[in-house]
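Have a look at the structure below, then the notes.
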Amino acid sequence: MKLTEAEKAMYDGQQGPAKQKAMDLLMRYGEALGAERLVEVNNVAGAFNASTPSVRELVKKGFDAVFSELNLDSQEVVKIPHMAVNTCQLITGIDNDNWRIQGIPEDLAEQQKNAEKHFGALGINMFATCTPYQVGNVPVKGEHCAWMESSAVIYCNGVLGARTNTEGKESTGAAALTGRIPYWGYHIPENRRGTHLVEVDIDVNDIMDYGLLGYWMGEIVQEDVPVLTGKIRNPSLIKLKHFGAAAASSGGVEMYHIPGITPEARDVEEAFSGRKMVEKLRYGPAERKLAYDRLNCADNRDVDFVMLGCPHNAIEQVARIALQLEGKKLSSKTQMWVHTPRALREVAERNGYVKMINDAGGVVMSDTCPAISRYAPKGTKVIATDSAKQAHYLPAILNLPVWFGTVEECVEAGLTGNWNGGLK
Ligand code: F3S
């Protein structure tokens with residue numbers, strides 16, 4: 001790869017061993033990908049934490065050892081300086097307030113709090129959410145970023161028109177210290193052009209239907225770039241968040257266009273920009289039912305855990321849940337966790353939504369989710385969720401059956417302890 005003078009200086013160790021390790025990692029990574037150069041980034045979203053039991057031994061050597069090994073792929077421990085560019089923490093495994101309810105051991109919760117203190121002082125902004133774009137990290141169109149977390153990546157590329165590949169812990173660590181990432185994949189304009197045309201023949205309007213469309217489409221297009229036309233109604237941050245998270249779960253979709261809505265395609269022609277179409281797809285009632293049936297794998301209608309907020313809920317979603325619960329009580333056999341970024345939990349507290357959810361018997365959680373933490377309420381046998389992504393992953397991660405439906409159906413399941421949802 002060709003390096004600039006500034007990059008050569010970091011690679012030669014003139015700016016210390018940590019940046020040298022970071023540049024070495026980026027060179028190895030970029031060369032494996034066939035990248036010819038690096039690109040400057042000033043927006044990194046990665047995973048810098050110690051919230052899993054597997055890092056207990058490493059933590060004993062100090063947090064520089066944790067960063068060196070997990071974020072720079074280096075067995076040699078190097079002193080980690082302040083981050084060079086704007087960097088934030090994505091989701092972790094532990095809610096710093098509700099760890100007892102999660103079932104996390106005390107020493108692990110303490111370890112994560114210490115890690116946060118250490119990494120926070122190094123300039124890693126502790127948003128602790130998979131949706132940094134909901135709490136102020138909103139890159140502009142064309143901005144090069146280095147983000148992890150598939151649901152955030154597809155939002156960054158598709159909805160915001162910023163540019164990132166799905167990075168890993170190591171490459172985001174190296175990017176945070178150098179302000180560089182290999183120039184390949186979705187950093188290159190030609191790779192962002194459409195490959196598949198998806199004609200949507202039925203109304204897609206609510207969150208559940210956006211999730212179903214994304215889930216069905218992702219499984220077919222896998223890692224290609226779909227262009228959607230047709231009856232896609234009233235798009236919003238929340239709906240596109242669910243659509244993208246679903247498409248990135250069943251496939252590996254990182255970029256899409258909805259001409260007239262997303263920023264890189266004023267029309268279908270611009271979405272493809274001369275790239276040859278691989279396939280034309282149609283989404284109708286049969287395709288919708290197929291996605292719904294795949295996501296609903298439970299038989300037992302007794303629901304004992306309702307998970308809402310994957311990707312993390314916007315304040316509007318928290319409000320909707322709180323208002324449906326207001327003045328009522330959850331079934332004695334059912335628990336409910338409502339996930340939202342910590343910054344929005346503060347807003348939800350001020351609005352009274354947290355109290356409304358707590359009074360009903362639910363918990364508002366931040367910083368984590370069951371798929372990442374691998375913790376659900378003890379004794380859970382059947383889960384209900386409004387998230388196609390969570391419905392996709394939880395049966396594999398927690399080995400538990402899941403019902404998928406609208407947020408109203410899920411809240412109702414929490415109140416009655418029974419699943420009465422269905423495809424309408
Ligand atoms: Fe976020 Fe966890 Fe879902 S990381 S996107 S809430 S699986």
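Starting from 1, each residue takes its place in the sequence as its number. Note that ligands are numbered from 1 as they come in the structure, with each ligand's atoms numbered from 1 the same way.
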**Complete:** Protein N/O/S atoms closer than 2.8 Å to atom 2 (Fe) of ligand 1, ordered by chain and number, come to Cys369 SG
**Request:** Check whether the ring centres of Tyr292 and Tyr215 lie less than 6.0 Å apart, and answer yes or no.
**Result:** no
**Prompt:** Which pairs, with at least one residue in residues 103-114 and sequence neighbours excluded, count as a side chain to side chain donor-acceptor pair (under 3.5 Å)?
**Reply:** Arg56-Asp107
**Residue pairs, two or more places apart or on separate chains, that pass side chain to side chain donor-acceptor pair (under 3.5 Å) and touch residues 134-146** = Asn43-Asn137, Thr131-Gln134, Gln134-Lys241, His144-His187
**Request:** Check step by step if salt bridge (Lys or Arg N to Asp or Glu O under 4.0 Å) holds for Lys381 and Asp302.
**Result:** CA-CA 9 Å; Lys381 292 195 195 71; Asp302 292 336; over 6 Å; no
**Message:** Which residues pass the side-chain contact (heavy atoms from CB on, under 4.5 Å) test with Ala18, not counting sequence neighbours?
**Reply:** Val78, Ile80, Pro81, Leu177
**Complete:** side chain to side chain donor-acceptor pair (under 3.5 Å) with Glu254: of Asn157, Asn191, Thr166, only one passes, and it is Thr166
